[in-house]
Protein chains: 2
Amino acid sequence: MTVDLSARQRILDAAAGLLSERGYGETSLRLLASEVGIKAASVYYHFDSKEALYTEVLQAGMDIMIDRFEAVEEADFDSGRSRLQAHVSGHLDALHSNLQYTALHVSEFRTAPATVRTQLVPRRDEYESMWTALLTAVLPETPATEISILRLGLFGAMNSSIDWFDAAKGGLGEFSDVITDAFWAGADNRKRRIAS
Amino acid sequence: MTVDLSARQRILDAAAGLLSERGYGETSLRLLASEVGIKAASVYYHFDSKEALYTEVLQAGMDIMIDRFEAVEEADFDSGRSRLQAHVSGHLDALHSNLQYTALHVSEFRTAPATVRTQLVPRRDEYESMWTALLTAVLPETPATEISILRLGLFGAMNSSIDWFDAAKGGLGEFSDVITDAFWAGADNRKRRIAS
DNA sequence: GTCTATAGTTCGATAGAC
DNA sequence: GTCTATCGAACTATAGAC
């Protein structure tokens, strides 16, 4: 399987790998081309510029996350907690199944050239509002300002796994459990404390 | 105040700012020097190479975090939870009071040149084991493997704030509360569930 | 301690052959 | 679609004057 990829796709894959390993400034088109087995000039047949290539890689990474979120949403859940749990697992699995594309989005977006960042903002906002809606639905008594803080903390916890998760040392299941527990029980705990 | 900084210190400060804004590859010594008001060649009087300068900036960032942890540890706490809360607040405050140095450590370390990364590993390990010891002390019934996962999730949640925290929109206090609650109540909740 | 000048590389990008 | 060849610009780093 995974044979017969178009040259364009092979360039995208190699770019994702190099960009997430070395960063934008340290990834030259010559190095990228050599990974693909072509010359740097040939990259320009497929992409207008290095920035356009970067943008497309980041776009693909965000598409992966959004597609997964929508797929998880198809299922039926018997509780808000199990729905949250499914999305946490889905996010982590999508993240780590396509690390080269998605990790890039987590760790390199901040320092990406402004023109690249600007083009990606709408799609990133879209994914964030999906999570805001989810958290609002499963924690209906939690005020919006706290939902927003919870989402940011949850994203931070989940996405940090790109820095330390080692598939060889075990699955993402336990991490998924621990942080679902944390954010679920924490929100519940606060609700009760504030109500009293 | 903050007058009469040595040229060396002014270079370090400017480097921290540029590196965390633009990344290593996009920060040239010419640009750095122009921010300080000198020429690029003069940087070499103070530092051996661009990598050595980068290493020193990252080293300073880690020192800031470790110093703060030790300062927080001086206080007396009436509960494990308040001790954890104090360290979460301390970490977040140290992080954001010196963002240029510390954020760099969070977001750029992964893609730093291998020679730079290697030199920083011991000091980073030191800080991590301080937190592992802290969590083990305040959650004595939680198994070591889960402590390790909790620490990683907590670091992820706290450090992600470099991407979104806006001092103009409010303090770090609420975030600090929410995530202390989350990790405290979550661990507690798991302990009870597993015991039953 | 900072400068000018420059060596030596490497970069992104283009032109044009095949 | 990929190549060779190359332009012009930028880079890190060094040498040596002041």
Quick test of your reading of the model: are R81(B) and D181(B) salt-bridged, counting only N-O distances below 4.0 Å? yes
Send over the distance from L29(A) CG to dT4(D) P, rounded to a whole Å. 16 Å
Any side-chain N or O of S28(B) less than 4.0 Å from the OP1 or OP2 oxygen of dC11(D)? yes
Would you indicate what S6(A) reaches in the nucleic acid, counting non-hydrogen atoms under 4.0 angstrom: base, sugar-phosphate, or nothing? nothing
Could you state the CD-P distance from E26(B) to dC11(C), rounded to the nearest angstrom? 13 Å
Any sub-3.5 Å donor-acceptor pair from H105(A)'s side-chain atoms to G61(A)'s backbone N or O? no
Atom pairs and distances, side-chain donor-acceptor, residues 63-74 of chain B, under 3.5 Å, sequence neighbours left out:
unit_1: D63(B); atom_1: OD1; unit_2: R123(B); atom_2: NE; d: 2.5
unit_1: D63(B); atom_1: OD1; unit_2: R123(B); atom_2: NH2; d: 3.0
unit_1: R68(B); atom_1: NH1; unit_2: D93(B); atom_2: OD2; d: 2.9
unit_1: R68(B); atom_1: NH2; unit_2: D93(B); atom_2: OD2; d: 3.0
unit_1: E73(B); atom_1: OE1; unit_2: H87(B); atom_2: NE2; d: 2.6
unit_1: E73(B); atom_1: OE2; unit_2: R83(B); atom_2: NH2; d: 2.8

So, with a heavy-atom separation below 4.0 Å from DNA chain C, the residues of residues 36-55 of chain A are A41(A), Y44(A), S49(A), K50(A)
Rounded to the nearest 0.5 Å, how far apart are OH of Y101(A) and CD of E56(A)? 9.0 Å
Establish, for the pair K50(A) and Y44(A), whether the NZ or CZ atom is under 6.0 angstrom from the six-membered ring centre and no further than 45 degrees off its axis. no
Would you say the side-chain atoms of R117(B) pair up with the backbone N or O of A112(B), donor to acceptor, closer than 3.5 Å? yes
In residues 111-120 of chain B, what residues come within less than 4.0 Å of DNA chain D, judged by heavy atoms? none
Quick one: are L19(B) and L32(B) in side-chain contact, heavy atoms under 4.5 Å? no
Spacing between Y24(B) atom OH and dA10(D) atom P, to the nearest angstrom: 20 Å
Give a yes or no on whether the backbone of T132(A) and the side-chain of S129(A) come within a donor-acceptor separation of less than 3.5 Å. no
Terminal axis angle for the helix from dG1(C)-dC18(D) to dC18(C)-dG1(D), five pairs an end, nearest 10 degrees: 10°
Tell me every residue that passes side-chain contact (heavy atoms from CB on, under 4.5 Å) with D78(A), counting only those two or more places apart in sequence or in another chain. S82(A)
For the CG atom of N159(B) and the OG atom of S160(A), what is their distance to the nearest 0.5 Å? 8.5 Å
When the distance from CZ of R30(A) to P of dT9(C) is rounded to whole Å, what number comes out? 14 Å
Tell me, which pairs form a ring-ring contact (aromatic ring centres under 6.0 Å, His included) where one or both residues lie in residues 147-174 of chain A, sequence neighbours left out? H91(A)-F155(A), H96(A)-F165(A), Y127(A)-F155(A), W131(A)-F155(A), W164(A)-F175(A)
